[in-house]
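Lettering of chains follows the sequences in order, A, B, ..., and the numbering in each one begins at 1.
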2 protein chains.
Amino acid sequence: MAIPRAARTQRRTRIQEEKEEIILEAALDVFSVSGFRGSTIDQIAEVAGMSKPNLLYYFRTKEAMHRALIDRVLFTWLEPLRAFDSNGDPESEIRSYIRRKLEMARDFPRESRLFANEMLQGAPHVEDELRGPLKSLVDEKAQVIRAWAQAGKIAKCDPYHLIFSIWSTTQHYADFDVQVRAVLGDEHSGEGRFEDAARYLEQLFVDGLRIRQG
Amino acid sequence: MAIPRAARTQRRTRIQEEKEEIILEAALDVFSVSGFRGSTIDQIAEVAGMSKPNLLYYFRTKEAMHRALIDRVLFTWLEPLRAFDSNGDPESEIRSYIRRKLEMARDFPRESRLFANEMLQGAPHVEDELRGPLKSLVDEKAQVIRAWAQAGKIAKCDPYHLIFSIWSTTQHYADFDVQVRAVLGDEHSGEGRFEDAARYLEQLFVDGLRIRQG
DNA sequence: GGATAATTTGACCGATTGGTAAACATTACA
DNA sequence: TGTAATGTTTACCAATCGGTCAAATTATCC
């Protein structure tokens, strides 16, 4: 008789590892587009190429699948901020943080959209993680930025809103990809748009628009 | 016998105006959180305080409701960009554009989320509007910005990515509101956060972070 | 006030939803 | 190679989905 997944205590078999990977991959495809409520187990099963009861053998509910996915994404999603080095040079740290976040938007757009979907719905499944680990990490890095500002290395500015603005500008290229492509037109919506975005954003954050009064 | 709404040609009655307004208001509540697929007519009917068949008397399908809502939101959503004055002073135009967009994120977060939801799903219902009217408007304003750059009034920069960055940074406070509140903590997530954001963003766009090499 | 048009609702439909039961197939391991 | 554990599928369930219909109710206008 099959043992329900949650009750298993022994280490996972090869098949379990493989299949769970396939399922989460398919779930990412579906959840990232339609959100939790808008996605169905049948859709995920079809993308994964297996039967619905087979999915439910590995994840007992739709919510468990979403949970596993969100947990994994949430961890890797904060990798660039964790890599933000307090001892580094302010300019190069901010530049490379922007670059890394932009690369993630380019290489992992589904992960970005999954997260965005969850935020739009009011983060019903991850609010604890936001108030806990996320807030702690941001608090820590905000202190670093504040110290830089007080040392005169960068302009005085609210470090939290600085982080928000880096998040939003970079993730925009994943979450609003359709809009970006539509506005840029077919000519400029190739992969080169990430180069252009990187160049623009680095300039924006380092120099601003250097507006001169007419 | 009742005449289906779409076939009516005479002017709308008072009741029609009122009820359609109530329905769209309720639909905005629901669609903005759960997206099109994740929302149900029953949910909207409950929020609107009327029976499901009554909703369907005014809007023949769920899609028609969403359509009417998106059309209206799309128009008002571009109001600030339309108000962007080519003959104005670059600094004050950009400043007030940021301010206006931020006010919209504060005062109309549901509209922002409705739009974000549609983008995340690949804009299946509005891609034409993006490639048509939206692109035209952005093209026009991008030309203005480009002219300012060439006249040396602002730094040379990609005007499209400039517009994207204003969109993303401002709308972030509506779309990712839960995250912003979670990170800022209960103390700083009152309405004052929009003042802080406005101050930070205006500084960012005008001066950048004015990073000085150590 | 009565006729007519507009509005509202309860009952219902077939399709789809998340999830289950149990039979069947495959794998791991002695 | 046998057998017990693991993995897979078909058939199915109750609940919910978008939407229809006809009857009942209300507003409008003469």
Side-chain angles (χ1 to χ4, degrees), chain A residues 1-24 26-27 29-31 33-70 121 124-125, chain B residues 1-24 26-27 29-31 33-70 121 124-125:
Chain A
M1 201 234 310
I3 300 168
R5 180 174 186 280
R8 268 184 252 138
T9 51
Q10 300 170 349
R11 77 174 158 80
R12 294 152 74 218
T13 64
R14 175 183 50 86
I15 294 182
Q16 278 167 39
E17 305 240 16
E18 288 173 7
K19 291 301 171 68
E20 286 176 10
E21 197 57 39
I22 292 175
I23 292 170
L24 289 181
D29 263 9
V30 177
F31 281 134
V33 170
S34 302
F36 181 74
R37 283 224 54 190
S39 302
T40 70
I41 304 181
D42 293 271
Q43 288 177 323
I44 299 171
E46 193 183 336
V47 173
M50 35 179 122
S51 66
K52 177 166 64 172
N54 202 5
L55 288 211
L56 291 164
Y57 172 73
Y58 292 101
F59 298 93
R60 290 191 309 176
T61 63
K62 177 181 164 185
E63 187 140 2
M65 280 179 38
H66 188 255
R67 179 89 229 172
L69 200 54
I70 281 268
Q121 281 154 38
H125 306 98
Chain B
M1 203 232 310
I3 299 168
R5 179 172 186 280
R8 268 186 249 137
T9 52
Q10 300 169 352
R11 79 174 157 77
R12 295 152 74 216
T13 64
R14 175 183 50 85
I15 293 182
Q16 278 167 38
E17 305 238 18
E18 287 174 6
K19 291 301 171 69
E20 287 177 10
E21 197 56 39
I22 292 175
I23 293 169
L24 289 182
D29 262 8
V30 177
F31 281 135
V33 170
S34 303
F36 181 74
R37 284 223 53 191
S39 303
T40 71
I41 303 182
D42 293 272
Q43 288 178 322
I44 299 171
E46 193 182 336
V47 173
M50 37 177 121
S51 66
K52 178 165 63 170
N54 203 3
L55 288 211
L56 292 164
Y57 171 74
Y58 291 101
F59 298 93
R60 289 190 311 175
T61 62
K62 178 181 163 184
E63 186 139 4
M65 280 179 37
H66 188 255
R67 180 89 228 168
L69 199 54
I70 281 268
Q121 282 155 37
H125 307 98

ask   = For A:Lys52 and D:dC12, what is the distance between atoms NZ and C1' respectively, to the nearest whole Å?
value = 10 Å
key: Separation of D:dT16 P from B:Lys62 NZ (nearest whole Å)   = 16 Å
task = Using whole Å, report how far CG of B:Asp42 lies from C1' of C:dC12.
result = 14 Å
query = Could you state the CG-C1' distance from B:Leu56 to C:dC12, rounded to the nearest angstrom?
reply = 14 Å
message = Measuring from the side chain of A:Lys19 (C-beta onward, heavy atoms only), which nucleotide among D:dG19, C:dG18, D:dG7 has the closest atom?
response = D:dG7
query = If you find the nucleotide of DNA chain D closest to A:Ser51 and the one closest to B:Phe36, which residue's nucleotide is nearer the 5' end?
reply = A:Ser51
ask   = Counting any heavy atom closer than 4.0 Å, what does B:Thr40 reach on the DNA or RNA strands: base, sugar-phosphate only, or nothing?
value = sugar-phosphate
query = Quick check: are there more than 12 heavy atoms from other residues, nucleotides or ligands sitting under 6.0 Å from CD of B:Glu18?
reply = yes
key: B:Pro53, nearest nucleotide to its side chain (from D:dA27, C:dT9, D:dT9)   = C:dT9
task = Dump the intermediate steps for side-chain contact (heavy atoms from CB on, under 4.5 Å) on B:Tyr58 and B:Met65, then the final yes or no.
result = CA-CA 9 Å; B:Tyr58 291 101; B:Met65 280 179 37; over 6 Å; no
message = Going by the rule salt bridge (Lys or Arg N to Asp or Glu O under 4.0 Å), which residues pair with A:Lys52 if we only count those two or more places apart in sequence or in a different chain?
response = A:Asp42
query = Rounded to the nearest Å, what distance is computed from the CG atom of residue A:Asn54 to the P atom of nucleotide C:dT20?
reply = 15 Å
inquiry  = If you compare every side-chain N and O of A:Arg37 against the phosphate oxygens of D:dT16 (OP1, OP2), does one of them come in below 4.0 Å?
reply    = no
message = Output the rounded distance in Å from CD1 (A:Ile41) to C1' (C:dG18).
response = 5 Å
Minimum heavy-atom distance A:Ala48-A:Ile22, with the two atoms named = O-CG2, 3.7 Å
Spacing between B:Glu20 atom CD and C:dA6 atom C1', to the nearest angstrom = 13 Å
ask   = For C:dA6, does either OP1 or OP2 sit under 4.0 Å from a side-chain N or O belonging to B:Gln16?
value = no
Proximity to the side chain of B:Ile15 - top-ranked nucleotide from D:dG19, C:dG19, C:dT8 = C:dT8
inquiry  = Can you measure B:Tyr58 atom OH to C:dT7 atom P for me and round it to whole angstrom units?
reply    = 5 Å
Donor-acceptor contact present, side-chain A:Arg37 to main-chain B:Gly35, <3.5 Å = no
Candidates D:dT6, D:dG19, C:dG18 - which lies nearest the side chain of A:Tyr57 = D:dT6
